[in-house]
2 protein chains.
Amino acid sequence: MNLSPKIENFVLHCGEMGSRWGFNRTIGQMVGLLVINEKPLTANEIADALKISRGNVSMGIKELQSWQLAKVHHIPGDRKEYYSPNGSIWDLANKVFEERRKREIDPTLTLLRDQILDNANSAEEKYAQEQMQSIHDLLETVTKWSAELQRLSPEQLQTLMKLGSSVGKVIDLKDKLLRK
Amino acid sequence: MNLSPKIENFVLHCGEMGSRWGFNRTIGQMVGLLVINEKPLTANEIADALKISRGNVSMGIKELQSWQLAKVHHIPGDRKEYYSPNGSIWDLANKVFEERRKREIDPTLTLLRDQILDNANSAEEKYAQEQMQSIHDLLETVTKWSAELQRLSPEQLQTLMKLGSSVGKVIDLKDKLLRK
DNA sequence: TTAAACTTTCAGTAATTATTGAAAGTTTAA
DNA sequence: TTAAACTTTCAATAATTACTGAAAGTTTAA
């Protein structure tokens with residue numbers, strides 16, 4: 001498979017961004033490749049396009065699936081598995097967001113909950129616990145908020161996103177309404 | 001410097017989370033250590049507490065400063081530099097959020113803007129460009145939105161965060177008001 | 001059953017990233 | 001000036017992470 005320069009450029013960029021997005025270069029390239037190809041690809045086509053080993057593709061696919069970013073298709077009479085992105089661009093971004101929340105926030109929240117229950121044995125520990133409490137509260141707010149976003153309908157989300165600079169006004173509005 | 005088990009536990013956890021938060025283990029530990037200590041620390045105290053070399057601390061501090069997470073204090077008559085977190089827990093989270101946006105989103109947005117201007121030479125490129133356009137639009141929305149959040153006052157943010165499950169209702173309300 | 005057509009696994013190795021510690025740099029006080 | 005008290009730099013190396021490719025595993029058709 002020969003990628004056009006424009007497409008290759010995009011795929012390589014996804015690779016470079018990969019580790020920043022939470023995976024590694026190869027996984028990043030794979031996401032890019034799948035997203036930019038209308039037709040599902042076989043593992044061999046992926047290996048060929050990205051010039052990586054078949055085994056690496058296999059591991060990459062496993063990882064992609066753990067992020068719920070890829071899904072498998074079968075073509076009748078064809079034994080190969082065909083891979084494509086698991087949903088729209090928006091869906092994928094959502095999946096990454098969710099998965100990262102699980103990996104970046106949840107473990108800390110668990111730790112902090114335990115630590116806060118203990119009682120402090122010194123002035124330092126007292127201060128430490130206050131700080132941990134602040135972090136805990138912050139992370140809990142973020143978690144709740146992100147769950148909330150997940151629950152909104154796509155239309156509501158669109159509206160919310162498009163609110164842009166008027167979001168402040170809406171908050172003020174809400175404030176006033178609630179006070180009455 | 002001897003850390004109490006509870007505090008050490010927290011610092012080690014920050015280290016383990018470090019790479020998920022966008023830096024590495026040592027930087028993670030340094031953030032944890034600074035946040036949990038009421039008094040600013042010297043580079044030597046940090047090296048001692050984390051059992052790492054003085055040179056590593058120096059590089060870590062540089063990195064922390066590039067994220068704007070630490071600030072320096074001076075004590076009259078004392079030549080050493082003292083480090084402490086650059087703001088409240090909330091401020092720090094904001095800084096990390098902003099910095100990550102810059103590293104994870106901005107470069108892609110730049111690339112996509114260029115790519116979309118080119119015209120497609122084939123059906124594949126046409127599809128590819130449509131996808132790139134979708135990603136571009138998504139990232140632009142996220143960027144605008146995050147700029148918006150930065151601009152809100154802490155009070156407004158608090159209100160927004162506390163909206164929780166009623167955020168959907170507020171959006172619908174806003175929708176109705178606008179339509180009249 | 002066998003074998004063809006595929007996928008997965010994993011030990012060995014390559015590539016990348018992080019750390020040390022010694023040397024060089026900087027600042028201040030005497 | 002000198003030297004003491006600090007910080008930074010960076011080449012060498014350690015630690016971690018990613019990749020290959022051969023072998024093992026799985027599925028299906030005949």
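What you see is a predicted model, and the numbers here were worked out from it, not measured in a lab.
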- prompt: Got a sec? Which of residues 50-74 of chain B come in under 4.0 Å of DNA chain D, heavy atoms?
  reply: B:Arg54, B:Gly55, B:Ser58, B:Met59, B:Lys62

- request: For the residue pair B:Ser134 and B:Asp137, confirm or rule out a side-chain donor-acceptor distance under 3.5 Å.
  value: no

- request: Determine which pairs satisfy side-chain hydrogen bond (donor to acceptor under 3.5 Å, both in side chains) with at least one residue from residues 50-62 of chain A, sequence neighbours left out, and list them in order.
  value: A:Asn44-A:Arg54

query: Is any side-chain heavy atom of A:Val35 closer than 4.5 Å to a side-chain heavy atom of B:Ile135?
result: yes

Name the atoms and distances for all side-chain donor-acceptor pairs under 3.5 Å in residues 119-126 of chain A, with sequence neighbours left out.
residue	atom	partner	partner atom	Å
A:Asn121	ND2	A:Glu125	OE1	3.4
A:Ser122	OG	A:Glu125	N	3.2
A:Glu125	OE1	A:Asn121	N	2.9
A:Glu125	OE1	B:Lys6	NZ	3.4
A:Glu125	OE2	B:Ser4	OG	2.8

message: Using a strict heavy-atom distance below 4.0 Å, which residues from residues 20-35 of chain A are in contact with DNA chain D?
response: A:Asn24, A:Thr26

- request: Would you kindly give the CD-to-P distance between B:Glu16 and D:dT17, to the nearest whole Å?
  value: 12 Å

Detail all sub-3.5 Å separations between protein N/O atoms and N/O atoms belonging to nucleotides 28-30 of chain D.
residue	atom	partner	partner atom	Å
D:dT28	O2	A:Arg79	NH2	3.1

message: When you measure from the side chain of B:Asn86 to the backbone of B:Lys71, do you find a donor-acceptor pair of N or O atoms at a distance under 3.5 Å?
response: no

query: Given axes from five pairs at either end, by how many degrees does the helix from C:dT1-D:dA30 to C:dA30-D:dT1 bend, rounded to 10°?
result: 10°

- line: Grouping ILVMFWY residues whenever side-chain heavy atoms fall under 4.5 Å, the cluster of A:Met59 otherwise contains none

query: Mind checking what makes side-chain contact (heavy atoms from CB on, under 4.5 Å) contact with A:Asn9, not counting sequence neighbours?
result: B:Leu111, B:Gln115

query: Start at the 5' end of DNA chain C and walk down; is the nucleotide closest to A:Ser19 or to A:Ala43 reached first?
result: A:Ala43

- request: Check salt bridge (Lys or Arg N to Asp or Glu O under 4.0 Å) between A:Glu140 and all other residues, then give those that pass, not counting sequence neighbours.
  value: A:Arg113

query: Are any non-hydrogen side-chain atoms of B:Leu33 and B:Leu3 less than 4.5 angstrom apart?
result: yes

- request: Quick one: list whatever passes ring pair (Phe, Tyr, Trp, His ring centres under 6.0 Å) with A:Trp21, sequence neighbours left out.
  value: none

query: Quick one: does B:Pro107's side chain get under 4.5 Å of A:His13's, heavy atoms only?
result: yes

- prompt: Whole-Å distance between C:dT26 P and B:Glu81 CD?
  reply: 14 Å

- prompt: Atom CD1 of B:Ile46 and atom P of D:dT8: how far apart are they, to the nearest Å?
  reply: 11 Å

query: Partners of B:Arg101 by salt bridge (Lys or Arg N to Asp or Glu O under 4.0 Å), sequence neighbours excluded?
result: B:Glu98, B:Asp106

- line: Residues passing the side-chain contact (heavy atoms from CB on, under 4.5 Å) test with B:His74, sequence neighbours excluded, are B:Val72, B:Glu81

- request: Let me know the distance between OH of B:Tyr83 and C1' of D:dT8, rounded to the nearest Å.
  value: 10 Å

Gap between atoms NZ and P, on B:Lys80 and D:dT8 respectively (whole Å): 15 Å

